[in-house]
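Bear in mind the structure is a predicted one, so any value in this text is a computation, not a measurement. Protein chains get the first letters and strands the later ones, always in sequence-line order, with residue 1 at the start of each.
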Protein chains: 4
Amino acid sequence: MSRMREMDDKKAKRELILDAAVRVFSRRGYHEARMEEIALEAGIGKGTIYEYFDSKLTLFQEVLGRSRDIYYNSLAIENENSLSLREKIRLVFLSHIRFCQENKELTRVVFWDTEIMDEELKAWSYEKRKEKERMLSEVIEKAMEAGEIRGINPYALTLVITGALGALWLPIVLEEWSGDAESLAGELTDIIFEGIKG
Amino acid sequence: MSRMREMDDKKAKRELILDAAVRVFSRRGYHEARMEEIALEAGIGKGTIYEYFDSKLTLFQEVLGRSRDIYYNSLAIENENSLSLREKIRLVFLSHIRFCQENKELTRVVFWDTEIMDEELKAWSYEKRKEKERMLSEVIEKAMEAGEIRGINPYALTLVITGALGALWLPIVLEEWSGDAESLAGELTDIIFEGIKG
Amino acid sequence: MSRMREMDDKKAKRELILDAAVRVFSRRGYHEARMEEIALEAGIGKGTIYEYFDSKLTLFQEVLGRSRDIYYNSLAIENENSLSLREKIRLVFLSHIRFCQENKELTRVVFWDTEIMDEELKAWSYEKRKEKERMLSEVIEKAMEAGEIRGINPYALTLVITGALGALWLPIVLEEWSGDAESLAGELTDIIFEGIKG
Amino acid sequence: MSRMREMDDKKAKRELILDAAVRVFSRRGYHEARMEEIALEAGIGKGTIYEYFDSKLTLFQEVLGRSRDIYYNSLAIENENSLSLREKIRLVFLSHIRFCQENKELTRVVFWDTEIMDEELKAWSYEKRKEKERMLSEVIEKAMEAGEIRGINPYALTLVITGALGALWLPIVLEEWSGDAESLAGELTDIIFEGIKG
DNA sequence: TATGAATGAGAATTCATTCAT
DNA sequence: TATGAATGAATTCTCATTCAT
């Protein structure tokens with residue numbers, strides 16, 4: 001077998017394991033997930049996982065890291081500098097909803113506030129959250145300077161937006177809500193921009 | 001010892017255990033919490049816990065249930081029928097923030113999206129959440145009928161409000177945010193009612 | 001139960017485990033010994049061992065340490081300062097042979113040059129051996145100064161004595177040799193003092 | 001490739017593996033040695049070892065057997081019938097010391113009293129030791145008959161000699177002792193022949 | 001023939017739960 | 001009733017060995 005092909009195989013099996021791990025971590029959570037179940041799900045032997053990952057924690061960290069990266073990439077608003085804040089927020093809601101609808105398992109892994117909290121992971125998680133907040137604050141302050149939005153406490157707005165996102169994955173994953181993404185994104189944005197006052 | 005006194009003692013020891021359990025579950029999470037640590041924290045023997053609770057899961061369920069009850073009671077808006085929706089929402093934010101500030105351990109137990117989704121607990125959790133949403137929807141619809149707020153999707157507003165609440169406990173518990181409860185509650189309500197449009 | 005009695009029980013169970021461990025380590029060696037077998041041998045459950053010892057290594061270290069202490073104490077020549085070197089050496093041989101005859105299992109643990117060689121244990125082992133050599137050298141040099149023995153290389157004599165000891169446990173434990181302790185001790189001493197020249 | 005050449009290759013690879021195995025068993029001991037490390041050390045694939053040896057145990061047995069053969073051959077006193085016992089013993093000490101100095105790895109394998117006493121290996125080990133003792137006894141008895149040495153217990157002398165040998169490899173391998181082989185061999189022989197009496 | 005990816009039996013260890021006191 | 005010593009099921013991880021290529 002060519003070296004190229006070998007590496008593809010190696011990579012492919014890694015992916016196979018990661019995919020299985022996402023599913024198992026997603027339905028069981030970290031502590032209830034069994035390495036044996038992941039192996040079974042991947043259709044491989046228990047020991048094989050350890051050829052690709054050092055430990056259960058390592059595997060989980062990679063699953064979590066990748067899931068979050070995929071999620072954050074799916075939001076992709078940084079490059080859309082030409083858009084108005086209103087449009088940006090609408091887009092964030094829209095892509096969030098679509099991501100949750102299309103990736104129920106990844107979603108569960110990303111948003112399931114896991115206990116594991118290995119110190120390293122905790123720090124990483126914290127940093128990621130802070131970064132997201134910083135980014136949002138920045139965008140908000142610019143829009144405020146530009147007069148697009150009135151003078152408000154940016155932190156309060158951050159809470160409203162990230163809060164709505166955080167509230168919006170479980171109903172989707174549990175299939176309680178399966179409405180139209182465009183509409184809901186629009187309605188949320190509308191509330192935030194226009195207020196609800198009668 | 002009188003039967004009355006005995007029962008008081010019995011009750012008191014139950015409380016003792018529950019208090020210790022809140023602290024331990026709060027700082028460790030369900031899976032990392034050790035029955036021995038709870039017993040130690042309560043100043044009793046490990047075996048004694050089993051005189052009062054069937055299992056670790058049972059104990060956790062009661063801790064979680066009670067914590068949520070205390071939290072929901074602290075919100076206490078049902079009886080305040082005379083208030084406007086605006087005032088009600090402001091009050092919910094205010095009491096939420098105060099509760100989190102004053103009961104960091106309970107808060108962590110209530111909001112820590114635990115993995116241990118034992119089927120029964122999951123169902124109970126689900127029901128509790130639904131009930132909260134129904135209540136909110138009802139209040140919103142009434143306000144809409146009364147013309148206090150304009151015609152919007154009540155579900156979207158529910159998401160915005162519960163989302164903001166869900167986003168607002170971690171910064172408090174982690175002591176990242178320790179600002180003025182009144183101000184933040186006001187600002188959040190203001191955003192929701194007036195919108196942010198410039 | 002009185003606190004006194006409790007501690008006795010606790011101590012007694014520790015001893016029970018240590019005894020069982022000596023037997024198992026003695027017949028299997030460190031790596032082939034199974035914690036389960038030790039538990040079985042002690043007539044207790046697997047988990048109980050861990051109530052008294054942190055790990056297999058810890059248990060082994062204590063078994064080894066105690067066995068060696070018992071052995072070295074059985075040699076007990078330090079306090080016999082009045083004796084001549086010849087008598088001391090004869091006594092060392094004699095007590096060594098008797099110890100091996102009477103404590104076959106301890107003997108195997110003490111002399112089985114185990115692989116384990118955890119760094120800490122290695123250092124400890126090394127130190128113990130050095131100490132023994134130093135002690136011997138000292139005694140030898142004194143006897144040389146006193147003219148009891150002629151001028152020889154003390155290190156060479158140390159090798160001859162410790163060597164004979166080291167060669168003399170296996171035949172005893174394997175029951176190849178079961179002769180008279182007094183005679184053999186005398187003969188060995190005789191060879192060392194008088195030489196074998198015709 | 002000619003059949004002859006093939007067999008040479010086959011033999012060469014066997015040797016390659018055995019050499020690597022000596023080094024690894026020497027520095028790790030049997031249980032801590034990893035087949036993978038041996039393969040790596042030999043510069044071949046893990047699976048290849050199994051083309052030449054049935055199992056780890058088999059490989060170790062061959063390593064041990066060969067190492068011992070090399071050691072015993074290095075002593076080579078059988079053919080030296082013309083020599084006096086004194087000279088023979090001196091020669092044994094001398095060649096032992098030199099062997100240990102020059103073959104630290106082999107030495108460790110030969111003398112490291114391994115735990116892995118697989119029954120077959122144990123029996124073989126036992127037989128080898130007995131044979132050595134028989135040979136020594138024979139030589140001793142002849143010398144006694146010839147009047148070269150006085151009437152002593154041959155077993156006791158065997159213990160003294162093999163004991164000194166057994167005590168003399170570790171200090172060399174650990175590089176604690178790195179003196180002159182000739183001198184030490186002479187001194188040991190001197191003690192055994194002349195005794196130490198003042 | 002050589003390989004190394006895959007395997008799974010097996011070992012140490014943990015900890016909720018039991019139960020004799 | 002309260003206790004904590006004892007327990008063993010369950011879990012992670014290792015590594016000799018196999019076998020498809």
Side-chain angles (χ1 to χ4, degrees), chain A residues 1-2 5-6 9-10 13-14 17 31-39 42-59, chain B residues 1 6 9-10 13 31-40 42-60, chain C residues 1-2 5-6 9-10 13-14 17 31-39 42-59, chain D residues 1 6 9-10 13 31-40 42-60:
Chain A
M1 207 188 293
S2 77
R5 186 56 193 277
E6 263 174 52
D9 278 14
K10 191 112 193 177
K13 185 146 293 186
R14 246 185 97 84
I17 294 170
H31 280 99
E32 294 300 332
R34 304 286 160 243
M35 292 304 266
E36 192 143 26
E37 188 175 357
I38 294 173
I44 59 170
K46 203 173 8 143
T48 308
I49 298 177
Y50 291 90
E51 296 286 324
Y52 295 85
F53 301 92
D54 282 348
S55 68
K56 186 182 177 183
L57 185 58
T58 307
L59 174 58
Chain B
M1 207 190 289
E6 262 176 51
D9 277 13
K10 185 120 192 176
K13 190 157 285 189
H31 280 100
E32 293 303 328
R34 305 286 162 247
M35 292 303 267
E36 187 141 29
E37 189 175 355
I38 294 172
L40 197 76
I44 59 167
K46 207 182 347 168
T48 309
I49 298 177
Y50 290 87
E51 298 291 324
Y52 297 86
F53 302 92
D54 282 348
S55 68
K56 188 183 179 184
L57 185 58
T58 308
L59 174 58
F60 178 74
Chain C
M1 205 189 294
S2 77
R5 186 55 193 278
E6 263 175 54
D9 278 13
K10 190 112 193 179
K13 185 145 295 187
R14 247 186 95 84
I17 294 170
H31 279 101
E32 294 300 332
R34 305 283 161 247
M35 292 303 266
E36 190 142 28
E37 188 175 358
I38 294 172
I44 59 170
K46 204 170 7 142
T48 308
I49 298 177
Y50 290 89
E51 296 286 322
Y52 295 85
F53 301 92
D54 281 348
S55 68
K56 187 182 177 184
L57 185 58
T58 308
L59 174 57
Chain D
M1 209 189 291
E6 263 176 51
D9 277 13
K10 185 120 194 178
K13 190 157 284 191
H31 280 99
E32 294 302 328
R34 305 284 163 249
M35 292 302 266
E36 187 141 29
E37 189 176 354
I38 294 172
L40 197 76
I44 58 167
K46 207 181 350 166
T48 309
I49 298 178
Y50 290 87
E51 297 291 324
Y52 296 86
F53 302 91
D54 281 349
S55 67
K56 188 184 179 183
L57 185 59
T58 308
L59 174 58
F60 178 74

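Comparing C:Y50 and B:E51 by the nucleotide of DNA chain E whose heavy atom lies nearest to each, the residue mapping closer to the 5' end is C:Y50. Residue whose closest nucleotide on DNA chain F sits further toward the 5' end, between B:G45 and A:K46: B:G45. In terms of position on DNA chain F, the residue among A:D54 and B:G43 whose nearest nucleotide sits closer to the 5' end is B:G43.
Using a 4.0 Å heavy-atom distance criterion, A:Y52 is classed as a sugar-phosphate-only contact.
As the counterpart of E:dA20, F:dT3 is assigned, both hydrogen-bonding distances of the Watson-Crick or G-U wobble pattern falling under 3.5 Å. As the counterpart of F:dC13, E:dG10 is assigned, both hydrogen-bonding distances of the Watson-Crick or G-U wobble pattern falling under 3.5 Å.
For the OP1/OP2 pair of E:dT7 and a distance below 4.0 Å, the side-chain nitrogens and oxygens of A:T48 include at least one atom meeting the criterion. Side-chain nitrogen and oxygen atoms of A:K13 include at least one within less than 4.0 Å of the OP1 or OP2 phosphate oxygen of E:dA6. Taking 4.0 angstrom as the limit, D:R34 places a side-chain polar atom (N or O) nearer than this to OP1 or OP2 of F:dA16.
Separating the CD atom of B:E32 from the C1' atom of E:dA16 is a distance of 14 Å, rounded to the nearest angstrom. One interatomic measurement links the two molecules: CD of A:E36 to C1' of E:dG8, which rounds to 9 Å at whole-angstrom precision. What separates CG of B:L59 from C1' of E:dC15 is a distance of 15 Å, to the nearest Å. Rounded to an integer number of Å, the gap from CE of B:M35 to P of F:dA5 is 17 Å. Rounded to whole angstrom, the span from the CZ atom of A:R14 across to the P atom of E:dA5 amounts to 14 Å. Atom P of nucleotide E:dC15 and atom CD1 of B:I38 are separated by 13 Å, given to the nearest angstrom. Here F:dA2 presents its P atom at 12 Å from CZ of B:F53, a figure rounded to the nearest Å. In this structure, NZ of A:K56 is placed 9 Å from P of F:dT11, rounded to the nearest angstrom.
Residue D:M35 comes nearest to D:I49 through the heavy atom pair O-CD1, 3.6 Å, listed as atom of the first residue, atom of the second, then distance. The nearest pair of heavy atoms linking A:I17 to A:I38 is O-CG2, 4.3 Å. Considering every non-hydrogen atom in both C:R34 and C:H31, the closest pair reads NH1-O, 2.9 Å.
Heavy-atom neighbours of D:E36 CD from other residues, nucleotides or ligands within 6.0 Å: at or below the threshold of 12.
A heavy-atom distance below 4.5 Å is not found between the side chains of C:R14 and C:E51.
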